[in-house]
Amino acid sequence: MIDLTPGQRLLRDTARDFADRELAPYARERDRREELPRSVVGQLAEVGVLGLGLPERYGGVEAGTLSYCLAMEELGRADASVGGMVAASLGLVAGAILRWGAEEQRAAWLPRLASGESVGCFALTEPECGSDVSRLTTRATLGPDGWRITGVKTFITNGTWADVALVFARVDPDQAGPRGVGCFLVPTDLPGFSARPIKNKLGLRAQDVAEVVLEEVRVSRDALLGSPGDGFAVAVTALDRGRISLAAGCVGIARAVLDAALGYTGQRHGPGEPAADIQPVRRLLAVMDVEITAARLLTHTAAHLADRGLDHSLAASRAGLYASEVAVRATGDGVQVFGCNGYIDEFPLERLLRDALMATRYEDAGRARRLLLGRGLTGMSAL
């Protein structure tokens, strides 16, 4: 177990209090309406969540990856849709700008993202190739007046909310694979940029997810993040952080299941005895607790490595794979504890199960996580 500092415990408790007060009581109704109020962004900024890990000079809160994970677990426990919004805007977009951006880009966007004035989206996934950077078809052409970007992105978290999009596009049509891909900072109010919300999702219903279309969107030469061929490296490093964030959120979902199941078994009676005294129920609860603890340890280990500046790609893949699958198993077992009540949205298990299933598709699917882990174990670099 990684010991938490007093500051980390304070941050965790602050995030927990906020989640219990402002998120959990409204999660079911927001899921039913399939929308989050934009006021949530301001609330998150007020408690410092949107600036976690960003330098103070940009309006951020000096904190490491482990602190970020502590907050993401609490958000995932209360409402995974909110956690996904934060993971995209802070974890992927702001994190990539901080690592790869020029000082002018950092100064322009990081204070706005930390304060909630702006929201970011990570425009990588495409209809025909998913998140496989090597097969992207969105193209960016350099001309005398800058770059022109054309393409379609899909399943983009914060797609209609975003003020800035990190857009991955092929900059060299003659270079196949990942090496000819660049990453661009694209303000979403530019002509040719449009987003259409995707509704009727299985889970994470309240989260803004969209199809993004770029039709000859013009950006300046300095909109490029890093060098023209850095897009693949930007994506890989951002997604490593994303897998840690995903793992923390999934631990939160599984925790919500266990908390709900414990509360329910204390009230419900089986045939002649309290449900908590039924041995199969106690076995399910015990397995949930063990797996949640293991998933949290994997997540904190990956975060600890990242905070020490050590290679954490394998650890992030382990954590993302295991925690997402733990969340699904926990929700499935939780439905068994609740019986038929687990299938109706008057109780939380139905929503938590749908959110957990969607989490297995986040960042990259379970099969992709296994492939990445296998590549790392056999000495093959993702780069």
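The first residue of the sequence shown is numbered 1, and numbering continues consecutively from there.
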(message) As an exercise, state the distance from CG of Leu4 to CG of Leu10, rounded to the nearest 0.5 Å.
(response) 11.5 Å
(message) Tell me whether the rings of Tyr264 and Phe338 are parallel (<30°), tilted (30 to 60°) or perpendicular (>60°).
(response) parallel
(message) Measuring only between side-chain heavy atoms, which start at C-beta, is Glu73 closer than 4.5 Å to Arg296?
(response) yes
(request) Indicate yes or no for a side-chain donor-acceptor contact from Arg354 to the backbone of Leu202 under 3.5 Å, with no hydrogens or angles considered. (result) yes
(request) Check the pair Tyr322, Val326 against side-chain contact (heavy atoms from CB on, under 4.5 Å), reporting the backbone distance first and the verdict last. (result) CA-CA 6 Å; Tyr322 186 72; Val326 164; 3.4 Å; yes
(request) Could you tell me which non-hydrogen atom of Val41 sits nearest to which non-hydrogen atom of Gly116, and how far apart they are? (result) CG1-O, 3.5 Å
(request) Measure the OG-CE distance between Ser324 and Met358 for me, rounded to the nearest 0.5 Å. (result) 13.0 Å
(message) Strictly distance-based, threshold 3.5 Å: is any side-chain N or O of Arg170 a donor or acceptor partner for the main-chain N or O of Ser134?
(response) yes
(request) Report yes if the side chains of Thr237 and Arg241 come closer than 4.5 Å at any heavy-atom pair, otherwise no. (result) no
(message) What I'd like to find out is whether the side chain of Arg218 reaches to under 4.5 Å of the side chain of Asp145, using heavy atoms alone.
(response) yes
(request) Please find out if less than 6.0 Å separates the ring center of Phe168 from that of Phe122. (result) yes
(message) If I take atom OH from residue Tyr26 and atom CG from residue Leu36, how far apart are they, to the nearest 0.5 angstrom?
(response) 13.5 Å
(message) Is there a side-chain contact between Leu262 and Leu285 in this structure, where contact means two heavy atoms from C-beta onward sitting under 4.5 Å apart?
(response) yes
(message) Within 45 degrees of the ring normal and closer than 6.0 Å to the centroid, is that where the cationic atom of Arg38 sits relative to Trp161?
(response) yes
(request) Of all the heavy-atom pairs spanning Cys183 and Leu166, show the shortest one and how long it is. (result) SG-CD2, 4.0 Å
(message) Please tell me whether Thr154 and Glu211 have a donor and an acceptor in their side chains that are separated by less than 3.5 angstrom.
(response) no
(message) Tell me whether Gln105 contacts the main-chain N or O of Ala102 through its side chain, where contact means a donor paired with an acceptor under 3.5 Å.
(response) yes
Please tabulate, for the side chains in residues 45-70, all donor-acceptor contacts under 3.5 angstrom to protein atoms that are two or more places apart in sequence or on a different chain.
unit_1	atom_1	unit_2	atom_2	d
Tyr58	OH	Glu103	OE1	2.7
Tyr58	OH	Glu103	OE2	3.0
Glu62	OE2	Glu56	N	3.1
Thr65	OG1	Asp307	OD1	3.1
Tyr68	OH	Ser245	OG	3.2

(message) Any side-chain to backbone donor/acceptor pair from Arg243 onto Ala316? Under 3.5 Å, distance only.
(response) no
(request) Treat each ILVMFWY residue as a node, draw an edge where side-chain heavy atoms are under 4.5 Å apart, and state whether Val212 and Val152 are in one component. (result) no
(message) Is there a path of hydrophobic side-chain contacts, each under 4.5 Å between heavy atoms of I/L/V/M/F/W/Y residues, joining Leu225 to Val119?
(response) yes
(request) I would like to know whether Leu357 and Val328 meet side-chain contact (heavy atoms from CB on, under 4.5 Å); could you show each step before the answer? (result) CA-CA 6 Å; Leu357 288 170; Val328 172; 4.0 Å; yes
(request) Could you tell me whether Arg255 and Glu74 have a side-chain N and a carboxylate O separated by less than 4.0 Å? (result) yes
(request) Could you tell me whether the side chain of Arg205 and the main chain of Lys201 form a donor-acceptor pair under 3.5 Å? (result) yes
(request) Look up atom CG in Leu224 and atom CG in Leu185, then write down how far apart they are to the nearest 0.5 Å. (result) 9.0 Å
(request) Decide yes or no for Val40 and Val82: does some side-chain heavy atom of the first lie under 4.5 Å from some side-chain heavy atom of the second? (result) yes
(request) Consider only side-chain heavy atoms of I, L, V, M, F, W and Y, link residues closer than 4.5 Å, and tell whether Leu353 and Met288 are in one cluster. (result) yes
(request) State, yes or no, whether a side-chain contact exists between Leu44 and Met85 at a heavy-atom distance under 4.5 Å. (result) yes
(request) Return the minimal non-hydrogen interatomic distance between Thr299 and Ala247, and the atom names on each side. (result) OG1-CB, 3.3 Å
(message) Between Arg77 and Ile253, does the side-chain contact (heavy atoms from CB on, under 4.5 Å) criterion hold? Intermediate values first, please.
(response) CA-CA 5 Å; Arg77 178 183 59 84; Ile253 292 174; over 6 Å; no
(request) State plainly whether one hydrophobic cluster holds both Val167 and Val133, where clusters connect Ile, Leu, Val, Met, Phe, Trp and Tyr through side-chain heavy atoms under 4.5 angstrom apart. (result) no
(request) Check whether any side-chain heavy atom of Leu90 lies under 4.5 Å from a side-chain heavy atom of Leu113, and answer yes or no. (result) no
(request) Please determine, by modelled atom types, if Ser89 and Asn158 share a side-chain donor-acceptor pair under 3.5 angstrom. (result) no
(request) Indicate yes or no: at least one non-hydrogen side-chain atom of Ile244 is less than 4.5 angstrom from one of His312. (result) yes
(message) Does either side chain, that of Glu126 or that of Thr137, offer a donor lying less than 3.5 Å from an acceptor on the other one?
(response) yes
(message) Please check this pair: side chain of Asp208 against backbone of Thr160, looking for a donor-acceptor N/O pair closer than 3.5 Å.
(response) yes
(request) Indicate the atoms forming the closest heavy-atom contact of Ser220 with Trp147, along with that distance. (result) O-CD1, 3.6 Å
(request) Give a yes or no on whether the backbone of Ala140 and the side-chain of Arg148 come within a donor-acceptor separation of less than 3.5 Å. (result) no
(message) I'd like to know if the side chain of Asp355 reaches the main chain of Leu352, judged simply by a donor and an acceptor atom lying under 3.5 Å from each other, with no hydrogens or angles considered.
(response) no
(request) Pick out which of Arg32, Arg30, Arg28, Arg351 makes a salt bridge (Lys or Arg N to Asp or Glu O under 4.0 Å) with Asp345. (result) Arg32
(request) Any chance you could pull the hydrophobic cluster mates of Phe155, using side-chain heavy atoms under 4.5 angstrom and chaining through other members? (result) Ile198, Val209
(message) Grouping I, L, V, M, F, W and Y whenever their side-chain heavy atoms are under 4.5 Å apart, do Leu110 and Trp100 come out in a common cluster?
(response) yes
(request) Can you measure from CG (Asp289) to CG (Leu258) and round to the nearest 0.5 angstrom? (result) 6.0 Å
(request) Please confirm whether the backbone N or O of Glu216 pairs with a side-chain atom of Thr150, one donor and one acceptor, at under 3.5 Å? (result) yes
(message) Quiz question: by atom type and distance under 3.5 Å, do the side chains of Thr125 and Ser131 form a donor-acceptor pair?
(response) yes
(message) As a quick check of understanding, evaluate side-chain contact (heavy atoms from CB on, under 4.5 Å) for Leu136 and Cys129, giving each step before the final call.
(response) CA-CA 7 Å; Leu136 294 183; Cys129 65; 3.9 Å; yes
(message) By the definition side-chain contact (heavy atoms from CB on, under 4.5 Å), identify the one residue from Val213, Thr188, Ile149 that meets it with Phe193.
(response) Thr188
(request) Could you tell me the separation between the NE2 atom of His304 and the CG atom of Leu310, rounded to the nearest 0.5 Å? (result) 8.0 Å
(request) Give the minimum heavy-atom separation between Met72 and Ala87, together with the two atoms involved. (result) CE-CB, 3.9 Å
(message) Using modelled atom types and a 3.5 Å cut-off, is there a donor and acceptor pairing between side-chain atoms of Ser227 and backbone atoms of Asp230?
(response) no
(message) Ignoring hydrogens, what is the shortest heavy-atom contact between Ser115 and Arg112? Give both atom names and the distance.
(response) OG-O, 3.2 Å
